[in-house]
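Read through the structure below, which is laid out as structure tokens, and then see the notes.
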Amino acid sequence: MNQPNSDNVKFAITTPLYYVNAAPHIGSAYTTIVADVIARFHRLQGHSVLMITGTDEHGQKIQRAAEEQGIAPQEHCDAIADSFAALWHKLNIHYDRFSRTTATRHHAIVKEFFSRVWNNKDIYLSKQQGWYCVSCEEFKEERELLEGGLCPIHTNKKVEWRDEDNYFFRLSQYQERLEKLYSEQPEFIQPESRRNEVLNFVKGGLQDFSISRVNLEWGFPIPHDPNHTIYVWFDALLGYVTALLEPEDEPTLENALKNYWPINIHLIGKDILRFHTVYWPAMLMSAGMTLPGKVFGHGFLTKDGKKMGKTLGNTIDPIALLDRYGADAVRYYFLKEIEFGQDGDFNETRFVNVLNADLANDFGNLLNRSLGMLKKYCQSQVPEVKVTDFSETHPLKSIGVKLSDRVVNAYKSLNFTGVCEEIFNLIRACNKYIDEQAPWSLYKQKQQEEVEQVLYAVLESVRLCAYLLSPIIPNLCGDIYQQLGFELDFNNPTLINKTELFAEHSQWGILAGGKTLNKPHPIFNKLELPSQESNP
RNA sequence: CGCAGCGUAGCUUAAUGGUAAAGCGCUUGGCUCAUAACCAAGUGAAUACGGGUUCAACUCCCGUCGCUGCAACCA
């Protein structure tokens, strides 16, 4: 196959490999949606994209969760991993790799990586003792424990006393090199506020951290010392590397790194910032590997202004949300209404209001009314209009010709709110333009040429908006493209992943005249507000 | 206790030290192509509070209150 674009720009992005201690929650869905949008945006430009997601499946917590259900750990992992994959399917996530840390090939990668770090003398055996919370998978200070030896996070779990040999990673050796990395590559940690957090933390001095556990079966053994099991984090982060292997590759680091390394963006929640911005680069330095381009730690979601949690019983079930509103609605809300990087709130009334206002009224109705007029006034035939007939100051063209650059910039800086804002600027201008031009009056006055110009300008603007919004709401945009007579399907990467296509479709004025369009239908039905009773 | 960040219209957010903006919501009017949609006008902010620096402060400094994060291994 001759794909001139596939060797051009390479782009790799990851979500966290989600821990399989429970079914996927809305926060994981949020991260994965954003990663998918970024991946789709790059594919749209014809870049060669590798989007990685997956599951982290080792550790005592998993082992015990399985025991409680009376099933084998692997069986438990399989079930949860399936539920993640099913949710991604429902959300219309197009990932390229689903990396599971229990994969055999992952074991090979971990082994090889471990021995690199080992040979670099960055791993040593020492003692770790203290109170250990299995749910946290971590040691606790005596003073932070609640009365009765309960974990402060898992308030119903007793901590256990551990006195054990652990292998440690010499993180302390990397402070200077990490600080150098942060200053030389200021965009490595984003957003800025998180970067400062990390800078502060590292400035305070780094301690070695343990990378093994004893008395733990569910995990990979430490090479040369099978009594120890590799600690989940050390193993999990490497799942990103394993994911880079082509299916037919031998599982070696060399093979994994040949194509998509270094990864461009690790997208994570702010809770796991330190692992990705401190431990991870240090581990990679030790193994002599180049470093990822960027770690972005986004915010958390609240529900009606309150922290979500099982104890509060106010979690959002992603499946229920999707069943009720559909993938594009959920994707749009998260990208448009939540300032990326900051904490964001989910409020169902606002959710419904925003979607109805933007997708049903402004955008959907715009297409519908325009196609309705095209049918009435032009027999559903796209007018033959020359782009050059429109002056540079034309209210729609003047926005349209500049839109792509602005939107691309917003996407590149991960400013998704900005993306939507730019695009809806043109959408609102279209509605205003129709009102001012009043094609129905022009038609009655037999000014057919003017009618055609107006409708062409509007339809072409709608097309451009759909094209640029397609990473966020691919189904709706695909529907719009179909109604405008294109074969393009934004869910089919082999159709859209082309540089030339982007060069053409990101312009204003490419809609070809002469096509007869099918009967229009609404792209997005208005949503119902949640019933009053459920909102006392 | 300590360190850091945040606090702008009913809501979500903007604003190189230079007239505080936008969208949603709400009110009124207009239009009739359209998904009771769209367009216009209006409504609405002592920028948390109190001081200070400055010709000028949402922006810089100090303090108070409130929220959040970090405080070593929380996917």
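By convention in this document, chain letters (A, B, ...) are assigned in the order of the sequence lines, proteins followed by strands, and residues within each chain are numbered from 1.
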Counting any heavy atom closer than 4.0 Å, what does [X] reach on the DNA or RNA strands: base, sugar-phosphate only, or nothing?
X        : value
A:Asn361 : sugar-phosphate
A:Ile523 : base
A:Asp345 : nothing
A:Leu366 : nothing
A:Phe201 : base
A:Tyr443 : nothing
A:Asn356 : nothing
A:Gln207 : base
A:Tyr377 : sugar-phosphate
A:Arg194 : nothing
A:Ala236 : base
A:Pro522 : base

At less than 4.0 Å, is any side-chain N or O atom of [X] found next to OP1 or OP2 of [N]? Yes or no.
X        : N     : result
A:Gln342 : B:G69 : no
A:Arg195 : B:C70 : no
A:Lys526 : B:A36 : no
A:Lys432 : B:C38 : no

Which atoms form the tightest heavy-atom contact between A:Phe114 and A:Ile230, and what is the distance? CD1-CD1, 4.2 Å
Given atom [atom1] of [X] and atom [atom2] of [N], what is their separation to the nearest angstrom?
X        : N     : atom1 : atom2 : value
A:His298 : B:G69 : NE2   : C1'   : 15 Å
A:Leu455 : B:A34 : CG    : C1'   : 12 Å
A:Phe351 : B:G23 : CZ    : P     : 22 Å
A:Leu355 : B:U12 : CG    : C1'   : 14 Å
A:Leu459 : B:C33 : CG    : P     : 17 Å
A:Asn347 : B:G10 : CG    : C1'   : 12 Å
A:Lys203 : B:A71 : NZ    : P     : 15 Å
A:Glu436 : B:C38 : CD    : C1'   : 12 Å

May I ask you to verify whether the side chain of A:Asn365 and the base of B:A34 hold a donor-acceptor pair under 3.5 Å? yes
What interatomic distance, in whole Å, is found between [atom1] of [M] and the corresponding atom of [N]?
N     : M     : atom1 : value
B:U12 : B:G7  : P     : 13 Å
B:A36 : B:U47 : C1'   : 37 Å
B:U68 : B:G51 : C1'   : 26 Å
B:C61 : B:U53 : P     : 15 Å
B:C6  : B:C60 : P     : 8 Å
B:C58 : B:U16 : C1'   : 14 Å
B:G2  : B:G63 : P     : 11 Å
B:U59 : B:U54 : P     : 16 Å

[N] pairs with, by Watson-Crick or G-U criteria that keep both distances under 3.5 Å:
N     : value
B:A46 : none
B:C58 : none
B:C6  : B:G66
B:C73 : none
B:A34 : none
B:U28 : B:A40

Judged by each residue's nearest nucleotide on RNA chain B, which is more toward the 5′ side, A:Asn525 or A:Asn200? A:Asn200
Specify the residue among A:Val354 and A:Leu17 whose closest nucleotide of RNA chain B lies further upstream toward the 5′ end. A:Val354
Of all the nucleotides listed ([options]), which has the minimum atom distance to the side chain of [X]?
X        : options             : answer
A:Asn368 : B:U35, B:U68, B:C33 : B:U35
A:Arg274 : B:A34, B:C70, B:U32 : B:C70
A:Lys270 : B:C33, B:U68, B:U12 : B:U68
A:Glu339 : B:U35, B:C70, B:U13 : B:U13
A:Tyr231 : B:C73, B:C11, B:U32 : B:C73
A:Asn431 : B:C73, B:C39, B:C24 : B:C39

Do other residues, nucleotides or ligands put more than 12 heavy atoms under 6.0 Å from A:Asn518 CG? no
Answer yes or no: is there an ion pair linking A:Lys303 with A:Asp345, defined by an N-O contact shorter than 4.0 Å? no
Does NZ or CZ of A:Lys270 come closer than 6.0 Å to the centre of the six-membered ring of A:Phe300, within 45° of the ring's axis? yes
So is A:Arg274 actually on top of A:Phe201's ring, under 6.0 Å and inside 45° of the axis? yes
Can you check whether [Y]'s main-chain N or O pairs, donor with acceptor, with [X]'s side chain at less than 3.5 Å?
X        : Y        : result
A:Glu57  : A:Arg100 : no
A:Gln483 : A:His521 : yes
A:Arg195 : A:Tyr182 : yes

B:A46: syn or anti, with syn meaning chi within 90° of zero? syn
Is there a side-chain contact between A:Val295 and A:Gln190 (heavy atoms, below 4.5 Å)? no
Would A:Phe209 count as stacking on B:C73 if stacking means ring centres less than 5.5 angstrom apart and planes tilted under 30 degrees? no
Could you walk me through whether A:Phe113 and A:Trp118 pass the ring pair (Phe, Tyr, Trp, His ring centres under 6.0 Å) test, one step at a time? CA-CA 8 Å; A:Phe113 186 90; A:Trp118 178 269; over 10 Å; no
